[in-house]
Amino acid sequence: MQLRRIEIRDFRKLGHAVVDGLGDGLNVIVGNNEAGKSTLLAALRAVLFERHRVTGEVTRAMLPHGQAVRPEISIVFDLKGERWQLKKAFNQRPEAELTGPGVRLTGDAVEERLSDLFGFRPPERGAAKPDEHHGIYGLLWVEQASAHKAMAATAARGSLAAALESEVGQVMGGERGRHLLTMAEERRNAFWDKRGDKPKGALRALRESIGNLDGQRAVLEAGLRRHDEQVAALTGKTEALARHDRENRLALAVRSVEE
């Protein structure tokens, strides 16, 4: 589902608010503290998951302080490439209307169609709870001061299982799955014998090549060590020759002075 527009009237602190132009991907709503960001999300949850005929504390929590009004929320959303519009009014003269591709529903039929569209189970009475009545959407709804709590997947268990089974089935099931297994066996048999403990083909040739290269490296390293030893010996002899040359020049200089 992709939300496109949200309009709210007389819901808690929001007298009238419109959020339009919502696009695909991530949409971020920003505002000062107490500007109504959480109220906006509460209204969105109410229009999707609360029955329009709900009463009691649920509707009282929707009302602005000290006012007896009619909270109204409407949203426009896309689902599977089709445009839908949903409107609900609570408390006084409760109302629900859902329009879509060739469809216009009102009243309790709206609640039933929403349940089918989004795969959730509305409460029989009282407030809707994310971990019980929101289906897979309950996993995505994180309220303030509740991010530290463990994720409850009770209501979404069926949806998650079906999604996983579908993905695994597409990869491993039927003709495609058999083809993948055949390809995997062919690749394995191209490099290992039937027992799976001796390489063959290109893998065997590569290992032999690596062994030959290791032998060549050992020969080169031994030659390098001999070269270093010869260089060290030559350096010692050069230093000794230079020392003898210095001593000989010194002796000649002393003799010249004595004469």
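Atom CZ of R5 sits in a crowded spot, with more than 12 heavy atoms from other residues, nucleotides or ligands closer than 6.0 Å. Counting heavy atoms of neighbouring residues, nucleotides and ligands inside a 6.0 Å radius, atom CD of E34 does not exceed 12 of them. Taking a 6.0 Å sphere around CG of N32, one finds it holds 12 or fewer heavy atoms contributed by other residues, nucleotides or ligands.
For the pair F191 and A202, the tightest heavy-atom approach, listed with the atom from each and the gap, is CE2-CB, 4.1 Å. In this structure, R70 and E95 approach most closely via the heavy-atom pair NH2-OE1, 2.7 Å. In this structure, K13 and G36 approach most closely via the heavy-atom pair CD-CA, 3.9 Å. When all heavy atoms of V30 and K37 are compared, the closest pair comes out as C-CD, 3.9 Å. Across all their heavy atoms, I6 and L40 have their closest contact at CG2-CD1, 4.1 Å. Considering all non-hydrogen atoms of both residues, A42 and R12 come closest at CB-NH1, 3.6 Å.
Between the CG atom in L48 and the CG atom in L114 there is a gap of 7.0 Å [rounded to 0.5 Å]. In this structure, the separation between CZ on R113 and CG on L98 is 7.0 Å, given to the nearest 0.5 Å. In this structure, NE2 on H52 lies 8.0 Å from OG1 on T106, to the nearest 0.5 angstrom. Distance NE2/H227 to CG/L234: 10.0 Å, rounded to 0.5 Å. Rounded to the nearest 0.5 angstrom, L224 CG and R217 CZ are separated by 13.0 Å. Rounding to the nearest 0.5 Å gives a distance of 14.5 Å between CZ of R187 and OG1 of T182.
A salt bridge links E7 with R9: the distance from a Lys NZ or Arg NE/NH1/NH2 to an Asp or Glu carboxylate oxygen falls below 4.0 Å. Between E239 and R243, no side-chain nitrogen of the basic residue sits less than 4.0 Å from a carboxylate oxygen of the acidic one, so the salt-bridge criterion is not met. Salt bridge absent: E229 and R226 never bring a charged side-chain N and a carboxylate O closer than 4.0 Å.
Screening M62, R51, E72 for a side chain to side chain contact (heavy atoms under 4.5 Å, CB included) with F90, the sole residue that qualifies is M62. Remark: of the listed residues F77, F49, W84, F77 is the sole one forming a ring pair (Phe, Tyr, Trp, His ring centres under 6.0 Å) with F118.
Put simply, the side chain of R4 reaches to within 4.5 Å of the side chain of D24, judged on heavy atoms. Residues V18 and H16 have side chains in contact (heavy-atom distance under 4.5 Å, counting atoms from C-beta outward). A 4.5 Å side-chain heavy-atom check between H244 and E247 finds at least one atom pair inside the cut-off. In this structure, L86 and S74 have side chains that are not in contact, with every pair of non-hydrogen atoms separated by 4.5 Å or more. Between P64 and V69, some side-chain heavy-atom pair lies under the 4.5 Å cut-off.
With hydrophobic clusters built from ILVMFWY side chains whose heavy atoms lie under 4.5 angstrom apart, L14 does not share a cluster with L63. Under the 4.5 Å side-chain contact rule for hydrophobic residues, V47 and M1 share a cluster. Hydrophobic clustering of Ile, Leu, Val, Met, Phe, Trp and Tyr side chains at less than 4.5 Å, counting indirect connections, unites V19 with L3. In the hydrophobic cluster analysis, where Ile, Leu, Val, Met, Phe, Trp and Tyr join through side-chain heavy atoms closer than 4.5 angstrom, I73 is grouped together with L44.
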### Task
Report the C-alpha separation of R53 and D108 in whole Å, then their side-chain angles, then the decisive distance to 0.1 Å, and conclude whether the side-chain contact (heavy atoms from CB on, under 4.5 Å) test is met.
CA-CA 9 Å; R53 297 183 187 278; D108 293 337; 3.1 Å; yes
### Task
Could you give me the CA-CA distance, side-chain angles and deciding distance for K200 and D193, then say whether salt bridge (charged side-chain N to carboxylate O under 4.0 Å, His left out) is met?
CA-CA 7 Å; K200 69 177 187 179; D193 64 3; over 6 Å; no
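A donor-acceptor distance shorter than 3.5 angstrom exists from the side chain of K88 to the backbone of E50, with no hydrogens or angles considered. Looking only at distances, a side-chain donor or acceptor of T235 sits under 3.5 Å from a matching main-chain atom of V231. Under the 3.5 Å distance criterion, the side-chain polar atoms of N189 are matched with a main-chain donor or acceptor of E185. Side chain of E82 to main chain of G100: no donor-acceptor pair is present (N/O by atom type, distance under 3.5 Å, no hydrogens or angles).
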